[in-house]
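Structure record follows, encoded as structure tokens.
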Amino acid sequence: MARQSQYVLCIKNRGYSAALEPGKLYRLKPDEVAKKRGLVRVVDESGGDYLYPPRFFLSIELPLAAIRALSKKSA
């Protein structure tokens, strides 16, 4: 994931089927320590934020209106 975005699309969930659903958008939380360890911090199905391999996700750019709608949904 070359660029940082606020949301990512799950494309794999091997070993994490209860926590991640392929084809679903997840909120990405900035975490420099995780980044240095080669991981990303994502708010998963539990509602908590956990570390996952970046290969499980595609970074996507969303229109501002979509980001606002998703932010209201998670609030």
Side-chain angles (χ1 to χ4, degrees):
M1 295 185 329
R3 290 175 40 166
Q4 193 83 343
S5 72
Q6 293 182 341
Y7 290 88
V8 290
L9 177 67
C10 179
I11 57 170
K12 296 180 186 180
N13 69 346
R14 187 174 185 195
Y16 300 97
S17 61
L20 298 172
E21 183 179 328
K24 186 171 180 179
L25 289 176
Y26 290 93
R27 189 164 52 99
L28 184 67
K29 294 186 80 176
D31 185 331
E32 288 301 315
V33 174
K35 186 176 179 179
K36 289 178 184 176
R37 294 174 57 198
L39 299 168
V40 292
R41 185 170 295 281
V42 173
V43 178
D44 67 12
E45 293 299 314
S46 73
D49 55 274
Y50 296 95
L51 300 177
Y52 293 101
R55 70 181 179 278
F56 282 17
F57 306 95
L58 287 178
S59 181
I60 58 172
E61 295 297 321
L62 295 174
L64 186 55
I67 292 170
R68 286 181 181 147
L70 288 167
S71 295
K72 288 179 185 177
K73 180 181 170 186
S74 65

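Since we're looking at a predicted model, the values are computed, not measured.
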key: Inter-residue atom distance Leu9.CG - Leu28.CG, 0.5 Å rounding   = 12.5 Å

task = Start with the C-alpha distance between Leu70 and Leu25, add both sets of side-chain angles, then the distance that settles side-chain contact (heavy atoms from CB on, under 4.5 Å), and finish with yes or no.
result = CA-CA 9 Å; Leu70 288 167; Leu25 289 176; 4.0 Å; yes

query = Counting N and O atoms only, with roles assigned by atom type, does the side chain of Asn13 sit under 3.5 Å from a partner on the main chain of Leu20, one being a donor and the other an acceptor?
reply = yes

inquiry  = On a heavy-atom basis, which atom in Lys12 and which in Arg55 lie closest, and how many Å separate them?
reply    = CD-O, 3.9 Å

task = Have a look at Tyr16 and tell me which of Tyr26, Phe56, Tyr50, Phe57 forms a ring pair (Phe, Tyr, Trp, His ring centres under 6.0 Å) with it.
result = Phe56

request  = Ignoring hydrogens and angles, state whether a donor on the side chain of Tyr52 or Asp44 is under 3.5 Å from an acceptor on the partner side chain.
outcome  = yes

key: Shortest non-hydrogen contact from Val43 toward Gly47   = CG1-O, 3.7 Å

query = What are the two closest heavy atoms between Val33 and Asp31, and how far apart are they?
reply = N-OD1, 3.0 Å

remark   = Between Glu21 and Cys10, the two heavy atoms sitting closest are O-CB, 3.4 Å

ask   = Atom CD in Gln6, atom CD in Glu61: separation rounded to 0.5 Å?
value = 9.0 Å

inquiry  = For Pro54 versus Leu39, what's the shortest heavy-atom pair and its separation?
reply    = CD-CA, 4.1 Å

